[in-house]
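Just the heavy atoms: all of them, side chains too, but no hydrogens, waters or symmetry mates, feed the values below.
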Amino acid sequence: LDTPIPTPNGWTTMSELKDGDTVFDNKGQPTTVIKAWDVMVDRPCYKVIFDNGEEIVADQDHLWFTQDTVERRRGSVGSKKTTVDIYNNLYRNGKEPNHRIPISMTGVEYKKKDLPIDPYILGLWLGDGCNDSSIITVGDRDASEMQEILKEQTQFDKIQLKTYQKGSNSLLVTVNEGIQTKSLNTLLKANKLLHNKHIPVEYMMSSRDQRLELLKGLMDSDGYISKTGIAQFYNMNLRLVKHVKNLIASLGYKVTYKENDIWYKGTHQGKCGVLTYTPREYVAKLAFKRDRIKRRSNVNDSRCRAHWHYIKDIIPVESEPVRCITVDSDDSMFLCGNQYIPT
């Protein structure tokens, strides 16, 4: 009952859904709940664990659409299976996950929002901005290019670059009008972001294009693209990293999260959150990062593990109240969990 369910109106839980509500189908489009069934008790339950860390408790008869190894070999897209069916045939060769679910490639779509701060600039500030002011730090390599990128937006027309020490520069983003209420610093303060870095709900529920711009700002500040096109985002603000994880997942990517200990001269500095995913589109604007991205089509590639949620384990758990819903999507599927798992 406490399984998170994404909807076009925000997040809810399975327990709160009712007939006529709207959720997302497995393509990220709105679909109507035809029937929210009564709560059932004393049912055999299992915890389904995915390779991205998502864990969902489900009844033994809950239906999933998976592709197992035999279906993959035969060229079949997969079939419906119950939780207990998957449990009884969980691995191949004794260790490799036998079942996988195609990710929702396009992510979910919300309506375009009138956002107070340009999403790309907010992303830059969340990654490399001063916690108590609107100043954004940028390295020597990217300084001049970043100035040119920021000229493309229309909200702030005064971009000042100052060097304050070798290798580091500060970007001041404001307006020429001198109207304080329009400055980035004032807007950050008004939206309770100073000393409180996070992604506001209205940005998480903005259009896909707006969320992609936000991610580009985050990646151009605290992101990295490997030579093979794998993307990572690092930050010691673990709350922010978890927000970015949800942002990336909402765009249609399987993303993994881990924490690393940070040490400096023998002293523990804290933990750094690390996100890893494989982008199929440009998720950065800086040429150094952008040129490493391998653009791919929005079609589930059988050979690409990043296009599939693998069921890593299933564990029998104590029974708890459960329920099912029926939706009017063509394949009866909807998205559940923080990682938008099709079920």
Side-chain angles (χ1 to χ4, degrees), residues 1-39 48 50 52 54 56-59 62-67 77-80 100-115 119 199-215 242-255 277 279-281 283 297-300 306-309 322-343:
L1 296 184
D2 60 357
T3 300
I5 304 294
T7 82
N9 298 312
W11 287 88
T12 187
T13 61
M14 183 62 83
S15 65
E16 298 296 324
L17 291 173
K18 57 185 184 298
D19 295 359
D21 281 351
T22 305
V23 294
F24 289 113
D25 66 18
N26 65 324
K27 298 179 180 64
Q29 297 300 311
T31 185
T32 302
V33 176
I34 299 173
K35 181 68 177 178
W37 299 92
D38 293 337
V39 173
V48 184
F50 295 88
N52 56 18
E54 185 79 66
I56 294 174
V57 174
D59 171 279
H62 180 76
L63 290 174
W64 306 84
F65 188 94
T66 80
Q67 183 191 63
V77 294
S79 60
K80 288 187 291 185
R100 63 183 190 175
I101 297 173
I103 67 171
S104 180
M105 296 284 282
T106 55
V108 294
E109 185 58 273
Y110 298 104
K111 294 180 180 179
K112 185 176 181 179
K113 300 291 193 303
D114 183 13
L115 301 173
I199 299 180
V201 173
E202 59 191 316
Y203 284 80
M204 293 296 294
M205 293 184 60
S206 60
S207 71
R208 191 181 191 282
D209 288 343
Q210 289 174 313
R211 281 178 283 134
L212 183 59
E213 282 294 299
L214 176 61
L215 179 59
K242 290 173 182 178
H243 282 190
V244 178
K245 177 187 176 185
N246 291 340
L247 172 70
I248 295 169
S250 79
L251 292 169
Y253 293 105
K254 184 172 80 170
V255 54
Y277 65 105
R280 302 178 298 274
E281 62 196 317
V283 295
S297 66
N298 267 335
V299 177
N300 291 100
H307 290 187
W308 301 83
H309 297 295
V322 294
R323 75 186 304 207
C324 297
I325 61 171
T326 302
V327 299
D328 69 353
S329 60
D330 293 340
D331 50 17
S332 302
M333 295 177 70
F334 63 96
L335 300 180
C336 70
N338 291 312
Q339 290 265 23
Y340 303 86
I341 307 287
T343 189

Of all heavy-atom pairs between Met14 and Ile325, which one has the smallest distance, and what is that distance? SD-CG2, 3.8 Å
Counting only pairs under 3.5 Å, give me each side-chain donor-acceptor contact of residues 336-343, with atom names and distances, residues two or more places apart or in other chains.
from, atom 1, to, atom 2, distance (Å)
Gln339, NE2, Val255, O, 2.8
Thr343, OG1, His62, NE2, 2.7
Thr343, OG1, Leu63, O, 3.3

Any residue meeting side chain to side chain contact (heavy atoms under 4.5 Å, CB included) with Glu16, in chain and number order, not counting sequence neighbours: Thr12, Thr13
Checking Asp59 now: which residues fulfil salt bridge (charged side-chain N to carboxylate O under 4.0 Å, His left out) with it, not counting sequence neighbours? Arg43
Got a list of side-chain donor-acceptor pairs under 3.5 Å for residues 26-35, not counting sequence neighbours?
from, atom 1, to, atom 2, distance (Å)
Asn26, ND2, Asp331, OD2, 3.3
Thr31, OG1, Asp328, OD1, 2.5
Thr31, OG1, Ser329, N, 3.1

Who passes side chain to side chain donor-acceptor pair (under 3.5 Å) against Asp21, sequence neighbours left out? Lys18
Hey, could you give me the CG/CZ distance between Leu212 and Arg208, rounded to the nearest 0.5 Å? 6.0 Å
If the condition is side chain to side chain contact (heavy atoms under 4.5 Å, CB included), which residues does Ser104 pass it with, not counting sequence neighbours? Leu335
How close do Pro119 and Tyr203 get, heavy atom to heavy atom, and via which atoms? CA-CE2, 4.1 Å
Below 3.5 Å, can you tabulate the donor-acceptor pairs from side chains in residues 247-254 to any protein atom, sequence neighbours excluded?
from, atom 1, to, atom 2, distance (Å)
Ser250, OG, Arg211, NH1, 2.8
Ser250, OG, Leu247, O, 2.7
Tyr253, OH, Arg280, N, 3.2
Tyr253, OH, Glu281, OE2, 2.7
Lys254, NZ, Asp51, OD2, 2.7
Lys254, NZ, Arg305, O, 3.1
Lys254, NZ, Trp308, O, 2.7

Output all residues satisfying side chain to side chain donor-acceptor pair (under 3.5 Å) with Gln67, sequence neighbours left out; order by chain, then residue number. Arg100
Rounded to the nearest 0.5 Å, what's the gap from OG on Ser206 to CG on Asp114? Could you check? 11.5 Å
Asn9: what forms a side chain to side chain contact (heavy atoms under 4.5 Å, CB included) with it, not counting sequence neighbours? Thr7
The residue among Val23, Leu17, Asp25 that forms side chain to side chain contact (heavy atoms under 4.5 Å, CB included) with Val327 is Val23
Ring pair (Phe, Tyr, Trp, His ring centres under 6.0 Å): pairs with one or both residues in residues 13-37, sequence neighbours excluded: Phe24-Tyr110
Listed partners of Ser207 passing side chain to side chain contact (heavy atoms under 4.5 Å, CB included), at least two apart: Glu109, Lys112, Asp209, Gln210
Looking only at non-hydrogen atoms, find the nearest pair between Trp64 and Val48 and report the distance. CZ2-CG2, 4.0 Å
Worked check of side-chain contact (heavy atoms from CB on, under 4.5 Å) between Ile199 and Val244: CA-CA 8 Å; Ile199 299 180; Val244 178; 4.1 Å; yes
Run the salt bridge (charged side-chain N to carboxylate O under 4.0 Å, His left out) test against Glu213 and tell me which residues pass, sequence neighbours left out. Lys216, Lys285
